[in-house]
Visitor: 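One structure, pasted below without further comment.
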Amino acid sequence: MSRISIIGGGLAGLTAGAFLAKHGHHVQIYEQFTELGGVAATITQDGYKWDIGPLLLEGFGPNELVRNILEELDLMQQLRIVKEDRGLSTPDFTFWRPKEYQGLYWRREMLRKQFPDQSTNLDRYYRFYVRMIRIVTLFKQSEESQGLKRYWLKLRLLLTALPIKKMQEWNATQFLDHFFSNEKIKGMLAGILADFVTRPSEFQGVGIPMVNIETAFDKRIPLAIDNHTIQPQYNYIIGGCGEMVKKLVHFIENHGGSFHTNSKVQKILINQDIAEGIRLENGEEIESDIVLATSDIFSTCNSLIGKELLPNSTQHFLSGIKYMESVFMVHIGVDFDPTPYQPAALCYYYGTYDIENAVDKINNGIYHEGADGFLIYIPSMHSSEMAPPHHHAITIYTVAPNHIKGGDWETQKEVLADKLLEYAEKTIPGLRKHTKTRIIMTPIDFRKRINVHHHSFGGLPPIMGQKGFAHQTPIGNLFYAGCQSESTGGIANTMNGGKKVAQIIERYLKSK
């Protein structure tokens, strides 16, 4: 049995810890904050509950990443989930799931009525959409198969992807220009990139259909278009994402693991390029056979390890990383029913079609105050226990720079919260008047919660050519996981990265 110290109690550390504990290792998780879960935690105040990160989650559908992980740990049946969808609003039109089911292509038909001159272009785009879903499905099926079946699936994958080979080098701007001449349609399809704080000119174009999955807008759409074309499913966790955090924590404890909150790791102890343990801020040193770091890559390499101990190639890699920006988030508890104004628990409200310029402003420290867009999430619509009877919990948030140009978050947060709510009240009137309690979370709060110098909401931005940090570091016995690792960000990828790094550690220990 190996002694494994995990730095960070977010989903990456918890998932890795669960698998390592399951295999008999002595797992200790050190979390500098007072609570576990990182940005996957559910917070409470005055009888209301809000999630601070995840919203409508991918990965819980049949044979999808999160479900597979939780089933391996026998935890899936302990969670209550509900299949759902979301809305999308632009300055000119809004998508809400129609009362009567209208099939896979109902959004295409709505856009065709709105922009009749784009009918042919919409047909072309949706044919490409199906092709991309098929490519992703075939890739996944081939990775899970063996022998002749795997060979056959890879051959089908190659033949399906071959006609779009040249398009794989296009950015999202080039991709959208190829399909559409209408700026509003292009802005609508690129709008979600603002949530990643990624300019369309930086994002891989063929990924546009994958961030505009049709099942996200109508839960009645069947996942399977055909046997080799299967769309993702979207779910909420009843009671909030913190319920999944609790299940992972209990699993680790039941398998002999332990947790240490309010325990900030000051240094990873390294001797002759081998990690031998960790030192806490209080001076206590813990000997370890394996150290797994899950905090942001900047803090891990520059503070916990020490830049001077890393090879030049790693230092060069780190110097080229671009980071995502943060968010400004307002949680409120209200004493009225907002559902007549927003019929789904989640809706994205785009305020601009110029995503390139909107992201540029954020990257340069210019905060739009909600004018360029925001989202409204009402978790009590799917989980009544997240608010008192006849009340609702509501989260309004928008992407924001870590540091405001010419100002600061702490002194401005109350005024900026009111401005964001003012924009939200154009959709749901009376939010401020009916607010019974509220929590404001600025980039400063996120930095403190997960102990980072630069809060990167969602990890590294999905910029073309940018890769995350490898799970196996250049330092012996030291591994890395989290949203800035090679597994990338998002709940599904972060948890899959935790599982993957646990497998790498297992192989590494067996090889020693």
Side-chain angles (χ1 to χ4, degrees), residues 56-72 76 81 83-86 97 101-109 111 120-170 172 175-176 178-179 189 192 203-235 462 464 486-488 490-493 495-497 499-500 503:
L56 189 58
L57 300 173
E58 183 182 341
F60 286 83
N63 202 33
E64 290 184 347
L65 286 176
V66 180
R67 177 179 287 273
N68 289 344
I69 287 169
L70 295 174
E71 286 180 345
E72 283 188 62
M76 188 63 208
I81 64 170
K83 182 180 177 182
E84 269 300 342
D85 48 39
R86 63 179 172 89
R97 167 169 41 92
Y101 179 58
Q102 298 177 14
L104 169 62
Y105 298 109
W106 72 270
R107 289 207 312 151
R108 180 190 66 184
E109 297 310 305
L111 288 169
T120 301
N121 293 337
L122 285 163
D123 288 338
R124 290 171 56 233
Y125 169 79
Y126 273 91
R127 285 196 296 270
F128 184 87
Y129 170 87
V130 173
R131 182 182 292 273
M132 277 305 302
I133 299 295
R134 185 170 294 134
I135 287 170
V136 172
T137 305
L138 286 167
F139 176 79
K140 182 178 179 180
Q141 290 175 341
S142 66
E143 290 296 299
E144 296 170 348
S145 302
Q146 295 180 346
L148 288 175
K149 184 178 180 181
R150 184 174 188 179
Y151 174 80
W152 171 243
L153 288 169
K154 284 192 173 292
L155 179 60
R156 287 200 62 175
L157 173 62
L158 176 64
L159 294 174
T160 306
L162 195 59
I164 63 165
K165 184 178 180 180
K166 67 173 184 178
M167 301 174 78
Q168 295 176 25
E169 299 177 0
W170 293 355
F175 174 87
L176 291 166
H178 171 76
F179 280 98
L189 290 171
I192 194 65
F203 185 79
Q204 188 172 24
V206 294
I208 286 292
M210 306 313 298
V211 294
N212 287 279
I213 298 294
E214 295 302 308
T215 50
F217 300 98
D218 193 335
K219 63 183 179 181
R220 298 166 299 187
I221 295 174
L223 300 184
I225 299 174
D226 58 48
N227 289 338
H228 298 303
T229 315
I230 302 172
Q231 302 172 97
Q233 178 175 303
Y234 294 88
N235 296 86
M464 293 177 69
E486 60 183 274
S487 295
T488 70
I491 290 293
N493 290 329
M495 292 183 69
N496 193 52
K499 174 186 173 182
K500 183 179 177 182
Q503 293 171 333

Visitor: What I'd like to find out is whether the side chain of Ile135 reaches to under 4.5 Å of the side chain of Leu157, using heavy atoms alone.
Guide: yes
Visitor: Supply the atom-to-atom distance Trp170 CH2 to Met464 CE, rounded to the nearest 0.5 angstrom.
Guide: 11.5 Å
Visitor: Drop me the distance from Arg220's CZ to Thr215's OG1, to the nearest 0.5 angstrom.
Guide: 13.0 Å
Visitor: For Leu148, is the CG atom crowded, meaning more than 12 foreign heavy atoms sit under 6.0 Å from it?
Guide: no
Visitor: Salt bridge (Lys or Arg N to Asp or Glu O under 4.0 Å), that's the test. Do Arg108 and Asp123 meet it? Break it down for me.
Guide: CA-CA 8 Å; Arg108 180 190 66 184; Asp123 288 338; 3.7 Å; yes
Visitor: Are any non-hydrogen side-chain atoms of Arg67 and Ile81 less than 4.5 angstrom apart?
Guide: yes
Visitor: Take a 6.0 Å sphere around CD of Glu72 and say whether it holds more than 12 heavy atoms from other residues, nucleotides or ligands.
Guide: yes
Visitor: Testing the basics here: between Lys219 and Asp85, what is the closest heavy-atom pair and its distance to 0.1 Å?
Guide: N-OD2, 2.7 Å
Visitor: Working to the nearest 0.5 Å, report the span between NZ of Lys500 and CD1 of Ile69.
Guide: 12.0 Å
Visitor: Does one side chain, of Ser487 or Asn496, offer a donor that lies under 3.5 Å from an acceptor on the other?
Guide: no
Visitor: Which distance, rounded to the nearest 0.5 Å, do you find between the NZ of Lys499 and the CG of Leu70?
Guide: 10.5 Å
Visitor: Which pair of heavy atoms, one from Leu223 and one from Pro62, lies closest together, and at what distance?
Guide: CD1-CD, 3.9 Å
Visitor: For Tyr105, what residues pass the ring-ring contact (aromatic ring centres under 6.0 Å, His included) criterion, not counting sequence neighbours?
Guide: Tyr126
Visitor: Taking the side chain from Ser142 and the backbone from Lys154, do they hold a donor-acceptor pair closer than 3.5 Å?
Guide: no
Visitor: Identify the two heavy atoms, one from Phe203 and one from Ile208, that lie closest to each other, and give their separation to 0.1 Å.
Guide: CE2-N, 3.8 Å
Visitor: Check step by step if side chain to side chain contact (heavy atoms under 4.5 Å, CB included) holds for Asn235 and Glu58.
Guide: CA-CA 7 Å; Asn235 296 86; Glu58 183 182 341; over 6 Å; no
Visitor: Are Leu189 and Phe175 side-chain neighbours, meaning at least one heavy-atom pair lies under 4.5 Å?
Guide: no
Visitor: Roughly how far, to the nearest 0.5 Å, is CH2 of Trp106 from CG of Leu111?
Guide: 9.0 Å
Visitor: For the residue pair Gln204 and Met167, establish whether any side-chain heavy-atom pair is separated by less than 4.5 Å.
Guide: no
Visitor: Which value, rounded to the nearest 0.5 Å, describes the distance between Leu158 atom CG and Lys165 atom NZ?
Guide: 9.0 Å
Visitor: Would the number of heavy atoms belonging to other residues, nucleotides or ligands and lying under 6.0 Å from NZ of Lys149 be above 12?
Guide: no
Visitor: After noting the C-alpha distance and the side-chain angles of Tyr101 and Asp218, does the key distance pass the side chain to side chain contact (heavy atoms under 4.5 Å, CB included) rule?
Guide: CA-CA 9 Å; Tyr101 179 58; Asp218 193 335; 3.9 Å; yes
Visitor: Of all the heavy-atom pairs spanning Pro163 and Arg131, show the shortest one and how long it is.
Guide: CG-NH1, 3.6 Å
Visitor: Distance-only, no hydrogens or angles: does the Glu84 side chain make a donor-acceptor pair with backbone N or O of Tyr234 under 3.5 Å?
Guide: no
Visitor: Carefully, step by step, assess Leu57 and Val66 under the rule side chain to side chain contact (heavy atoms under 4.5 Å, CB included).
Guide: CA-CA 9 Å; Leu57 300 173; Val66 180; over 6 Å; no
Visitor: Applying side chain to side chain contact (heavy atoms under 4.5 Å, CB included) to Ile491 and Leu65, what does each step give before you reach the verdict?
Guide: CA-CA 10 Å; Ile491 290 293; Leu65 286 176; over 6 Å; no
Visitor: Of the non-hydrogen atoms in Met210 and Val136, which two are nearest, and what is the gap between them?
Guide: CE-CG2, 3.7 Å
Visitor: Within the supplied structure, the quantity of interest is the number of heavy atoms (other residues, nucleotides, ligands) at a distance under 6.0 Å from Asn227 CG; does it exceed 12?
Guide: no
Visitor: Would you say Gln146 has more than 12 foreign heavy atoms packed within less than 6.0 Å of its CD?
Guide: no
Visitor: Any side-chain heavy-atom pair from Trp152 and Leu155 closer than 4.5 angstrom?
Guide: yes
Visitor: Are the side chains of Lys140 and Asn63 in touch, meaning some heavy atoms are under 4.5 Å apart?
Guide: yes
Visitor: Does the side chain of Thr160 reach to within under 4.5 Å of the side chain of His228, using non-hydrogen atoms?
Guide: no
Visitor: Between Val206 and Met132, is any pair of side-chain heavy atoms under 4.5 Å apart?
Guide: yes
Visitor: Here's one to test your reading of the geometry: is the NZ or CZ of Arg107 within 45 degrees of the ring axis of Phe217 and under 6.0 Å from its centre?
Guide: yes
Visitor: Under a 3.5 Å cutoff, is there a donor and acceptor pairing between the side chains of Arg150 and Ser145?
Guide: no
